[in-house]
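Okay, so here's the structure we're looking at.
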2 protein chains.
Amino acid sequence: MPRPETRRRSSGRVTLSHVAEAAGVSPITASRALRGERGVADELVQRVKAAATQLGYVPDPAARALASQRSVQVPVLVPLLSNALFVDVLDAVHRILFPHGYQALIGVTHYDPDEEEQLLRTYLAHRPAGLLVTGFDRTESARQMIAASGVPCVHLMEMTSAPGVYCVGFSQQDAGHRITAHLLERSRRRVAFVAAQLDPRTMQRAEGYRRCLKEVGLYDPQLELLSPQPSSIRLGAELFEQMLRTQPDVDAIFFCNDDLAQGGLLAAQRLGIAVPGRVAVAGFNDLAGSDQMLPTLTTVRTPRSSIGEASARMLLALMRGEALEHNSVNLGFELTVREST
Amino acid sequence: MPRPETRRRSSGRVTLSHVAEAAGVSPITASRALRGERGVADELVQRVKAAATQLGYVPDPAARALASQRSVQVPVLVPLLSNALFVDVLDAVHRILFPHGYQALIGVTHYDPDEEEQLLRTYLAHRPAGLLVTGFDRTESARQMIAASGVPCVHLMEMTSAPGVYCVGFSQQDAGHRITAHLLERSRRRVAFVAAQLDPRTMQRAEGYRRCLKEVGLYDPQLELLSPQPSSIRLGAELFEQMLRTQPDVDAIFFCNDDLAQGGLLAAQRLGIAVPGRVAVAGFNDLAGSDQMLPTLTTVRTPRSSIGEASARMLLALMRGEALEHNSVNLGFELTVREST
DNA sequence: CTGAAAGCGCTTACAG
DNA sequence: CTGAAAGCGCTTACAG
């Protein structure tokens, strides 16, 4: 059997050289024309693009990454996928980046800084084009790795005024303050805070809650119920019962997340406790179903899809090396008053 | 200012050559040792691995992909991220693949075969290591592209007996049949089917529903309410009301998904319709909150995390070129009877 | 069991 | 504005 004449390992793929040959230019020129680099004669650009289309040329991302030392990958580091909040962010990021040829990569940290650091180490070795991370709480060496990599990085969900740091989010503390103030406006005086997971953003909301109650002299640490367990509808039901049992005079509860609040509402129904008659209930995030509960749930609508979109757009600009008008984008939040308060 | 002596573009990265040099072997041997290719002396393997660890060597995925014509990427094509079902699958896939060095990539098709085909075209150009796709309904050219690529592919959620096709899932039709039979066992005679989205798997459940009712001569097309809109709690509430208005004698409703069923339960409460007294309600998938509703929701628990894990493991074997005992894995489903029926 | 050479398909740095 | 040469960091195919 005859051996192949050369040692070529051709994949049968249409390469840049094929396109260049068809267009009658050098591969370098073809490369420049295709990437839209300026300084190529218009006519050549036309010829190259036509040839590429005709041959069905698709650039090889691996070759491009190796030569340019930069891939099209954008890791998105979020705590969990089981929280619809982060799925919405990830979905929006993917929707914006994909048409620009960038690939959003899933990174799940499980609220664990060490896991995040390990993930960062792995992803940074892939020479990502950009990076999206949740919040600001991370290990010192994670922080340094990001800085040392030189990879553009945008922080999600929280705000900071630190110089040279890019972020898109809203003030978690202000949001916690706002919904607490709403409860006070409803003439409530024994306002509880019930939380799970106890991640940094939850604790920032707690801070807003405390600040608000302290301003009017109604803060009572007994009214805080903090569980490190993962947030869920079922846990919300349990914590609701526990709160009413241990603090029978509570007249309002601010749950740090809607799933907990929905569980609380369901527990109230089961126990025959009038909402908002005996106790007002408020949630956070306006998740699916909150507008359908009985009674419908008062909550804070958070702009998670917008955060995903805006952070992706900001990253796009940074990856292109464009200057930004603002390092931080505050997308705010919206108090959504319904029947439960 | 002195020019750099060479044209090197070194990234300052620790490369395979550094490791090889430190271990006193050639780069080829180092490569083989690190990849666990057999045929390398044990002692050398030890030396190379020690050197790699000591230098903090991380292989460059782009270089590896270019040389081997195969990346570590595994696109996972799912209809939507807003359905918790697919998030659970994606999460499980990622959990299994990541520790093996593979990267799960998000691909959202929005239930659109053309969009899926376009996505496939893009992803296949990235030389994926493997491919995970949802179900079997796709364009003919999508099917051909997958086959022609030679990339190992596992199909999710549904079963087939087609030869040479890999799948992990359960029989959607059997599940639809099973829950309908349960409703009949509860002495219901006017059993309705309410569905949204109308994707292939929903329609397979519909087929199971029809088959079951036809077997006992109780099938009535008037009792089917099919909406092409996206599934949601709110839509479930609307469809529940519509069903009871147009078919007042209905005594059971099988909703094709739990979010619809939860909406139905909420609507029933709002309207003062007794469940299961006047009408029994069943859902599908056992989503978050179904066990907390009032009444708690009877449903079919589907093994979505297991599907993600098993499909990832099957793909891992295929990517290693291992032979499989079975082309298809049926993970079944579990009827979960609660208060609503 | 080990290695020198070539190649994967691009882009960078330099020259003209 | 365009191009010939070199290089990115690996693995394949071949030889011994």
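Labels below follow one simple rule: chain letters A, B, ... track the order of the sequence lines, proteins then strands, and each chain is numbered from 1.
Computed from coordinates, the A:Gln46 CD to D:dC1 C1' distance equals 16 Å when rounded to whole Å. Rounded to an integer number of Å, the gap from A:Leu66 CG to D:dA6 P is 18 Å. Rounded to whole Å, atom P of C:dT11 lies 6 Å from atom CG of A:Leu16. Nucleotide C:dA15 holds its C1' atom 12 Å from the CD1 atom of A:Ile28, rounded to whole Å. One atom, CZ of A:Arg32, and another, C1' of C:dA13, lie 10 Å apart when rounded to the nearest Å. Here the C1' atom of nucleotide D:dG9 and the CG atom of A:Asp60 are 14 Å apart, to the nearest Å. Put simply, OH on B:Tyr57 is 7 Å from C1' on D:dG9, counting in whole angstrom units. If you measure from atom CD of B:Glu37 to atom P of C:dG3, you get 14 Å, rounded to the nearest angstrom.
Among the nucleotides C:dG9, D:dG9, D:dC1, the one closest to any side-chain atom of A:Gln69 is D:dG9. With D:dG9, D:dA4, C:dT11 as the candidates, the nucleotide lying closest to the side chain of A:Ser26 is D:dA4. Taking every side-chain heavy atom of B:Arg127 into account, C:dG9 is the closest of C:dT11, C:dG9, D:dT2. Set against D:dT11, C:dC1, D:dG9, the side chain of B:Arg13 has D:dG9 as its closest nucleotide. Proximity note for A:Ala67 (side chain, C-beta onward) versus C:dC10, C:dC1, D:dG9: the nearest is C:dC10.
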### Query
Can you check side chain to side chain contact (heavy atoms under 4.5 Å, CB included) on B:Arg127 and B:Gln69, steps first, answer last?
CA-CA 7 Å; B:Arg127 315 173 191 276; B:Gln69 303 276 55; 2.5 Å; yes
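Close placement of the A:Phe136 and A:His155 rings is indicated, their centers lying within 6.0 Å of each other.
Positionally, the nearest nucleotide of DNA chain C for B:Pro27 lies more toward the 5' end than for the other of B:Ala63 and B:Pro27.
Taking side-chain N and O atoms only, B:Thr29 has a distance below 4.0 Å to OP1 or OP2 of C:dG3. Taking only side-chain nitrogens and oxygens, A:Arg35 comes nearer than 4.0 Å to OP1 or OP2 of C:dT11.
Taken from OH in A:Tyr111 to CG in A:Asp137, the straight-line distance is 12.0 Å, to the nearest 0.5 Å.
Both distances falling under 3.5 Å, in either a Watson-Crick or a G-U wobble arrangement, place C:dG16 opposite D:dC1.
If you check the side chains of B:Glu115 and B:Thr109, you find no donor sitting under 3.5 Å from an acceptor. For the residue pair B:Glu117/B:Ser141, the side-chain donor-acceptor check at 3.5 Å is satisfied.
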